[in-house]
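What follows is a single structure, written as structure tokens, with notes after it.
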Amino acid sequence: EDVVTNPTDTPTEDPLRAQPSPHARATDRARGASHARSGPPGVPSRRIVGIRVDGVTMQGAVDQIVRWSQQEQSRYLSVATIHLTMEAHDDPSFREIINNADMVIPDGMPMVWALRWFGVRGQQRVGGPDLTPALCERAEAHGIPVGFYGVTDETMAQLLDVCRRRWPRLKVAYAYS
């Protein structure tokens with residue numbers, strides 16, 4: 001099945017969310033789209049080579065992540081680049097991890113083009129390098145602690161230095177490399 005739509009996907013005038021086309025919604029219903037795992041409420045999702053990708057906007061992603069944090073909900077998201085998508089396509093266990101994420105954001109332009117092709121009109125790229133600073137800014141404003149995982153020790157030190165300079169009140173709860 002190539003097309004999956006969130007079961008709570010309803011037409012909305014919310015400018016923060018990319019919208020599925022009427023044709024895509026009708027096609028989803030006609031195909032009996034699977035709803036085993038869906039993204040954030042009201043956000044259209046599509047399967048691209050077996051990977052669920054959510055048609056979320058940058059603002060919509062930031063808002064949802066902040067909501068989850070304020071509700072003290074433990075969630076995880078995946079940043080769907082072409083590399084990640086092909087790795088997940090080739091590895092069923094990795095694909096399951098990605099498809100079970102609470103949000104799978106379209107980082108690469110090919111992911112954006114595929115979402116548009118599958119009827120998510122107006123989809124824009126939600127890049128990880130753009131999402132991180134947007135989240136740090138919002139986290140600082142709301143007193144939400146953040147954590148960083150991965151990379152080398154040197155890169156982590158550089159990241160933490162940038163964070164201290166750009167967001168001096170940002171609470172970094174952990175940093176692990």
Side-chain angles (χ1 to χ4, degrees), residues 1-69 75-138 146 148-151 155 159:
E1 189 65 44
D2 288 327
V3 178
V4 176
T5 300
N6 188 318
T8 60
D9 182 21
T10 56
T12 175
E13 296 302 315
D14 185 348
L16 301 180
R17 292 193 175 114
Q19 297 301 311
S21 70
H23 171 72
R25 286 191 297 270
T27 302
D28 293 346
R29 286 189 296 273
R31 289 185 176 179
S34 166
H35 300 296
R37 178 71 169 188
S38 59
V43 174
S45 298
R46 301 290 184 268
R47 289 215 183 262
I48 301 171
V49 295
I51 309 307
R52 189 194 88 237
V53 181
D54 301 318
V56 67
T57 63
M58 178 67 73
Q59 187 67 47
V62 171
D63 290 346
Q64 184 62 62
I65 294 165
V66 168
R67 262 193 305 278
W68 286 333
S69 178
R75 303 292 186 114
Y76 76 97
L77 64 96
S78 175
V79 179
T81 62
I82 286 298
H83 177 78
L84 174 132
T85 301
M86 296 315 298
E87 289 292 324
H89 178 266
D90 294 341
D91 181 342
S93 61
F94 185 54
R95 180 173 51 245
E96 183 177 357
I97 290 167
I98 301 306
N99 286 335
N100 282 315
D102 296 288
M103 186 186 311
V104 183
I105 65 170
D107 188 327
M109 280 310 294
M111 308 310 290
V112 170
W113 296 329
L115 285 169
R116 290 176 187 169
W117 177 262
F118 287 122
V120 183
R121 296 182 302 183
Q123 182 61 52
Q124 298 295 312
R125 180 176 175 269
V126 181
D130 301 318
L131 180 62
T132 301
L135 284 170
C136 287
E137 183 177 317
R138 186 79 74 84
V146 300
F148 298 103
Y149 176 80
V151 304
T155 302
L159 172 65

Q. Any side-chain heavy atom of Val151 sitting closer than 4.5 Å to one from Leu159?
A. no
Shortest non-hydrogen contact from [X] to [Y]?
| X | Y | result |
| --- | --- | --- |
| Ser93 | Asp91 | OG-OD1, 2.8 Å |
| Val56 | Ala61 | CG2-N, 3.4 Å |
| Pro40 | Asp54 | CD-OD2, 3.7 Å |
| Phe118 | Arg47 | CE1-O, 3.9 Å |
| Gly55 | Gln123 | CA-OE1, 2.9 Å |
| Gly128 | Asp107 | N-OD2, 3.0 Å |

Q: Evaluate side-chain contact (heavy atoms from CB on, under 4.5 Å) for Gln64 paired with Asp102, printing each intermediate quantity in order.
A: CA-CA 10 Å; Gln64 184 62 62; Asp102 296 288; over 6 Å; no
To the nearest 0.5 Å, what is the distance between [atom1] ([X]) and [atom2] ([Y])?
| X | Y | atom1 | atom2 | answer |
| --- | --- | --- | --- | --- |
| Thr81 | Met86 | OG1 | CE | 11.0 Å |
| Thr85 | Ile48 | OG1 | CD1 | 7.0 Å |
| Phe148 | Cys136 | CZ | SG | 4.0 Å |
| Ile51 | Met111 | CD1 | CE | 7.5 Å |
| Gln124 | Leu115 | CD | CG | 11.0 Å |
| Asp130 | Ile105 | CG | CD1 | 9.0 Å |

Q: Could you walk me through whether Arg46 and Val53 pass side-chain contact (heavy atoms from CB on, under 4.5 Å), step by step?
A: CA-CA 5 Å; Arg46 301 290 184 268; Val53 181; 5.8 Å; no
Q | Step-by-step side-chain contact (heavy atoms from CB on, under 4.5 Å) determination, Leu131 to Val62 | A | CA-CA 7 Å; Leu131 180 62; Val62 171; 3.7 Å; yes
Q: Assess whether side-chain contact (heavy atoms from CB on, under 4.5 Å) is satisfied between Ile98 and Arg52, documenting all intermediate values.
A: CA-CA 8 Å; Ile98 301 306; Arg52 189 194 88 237; over 6 Å; no
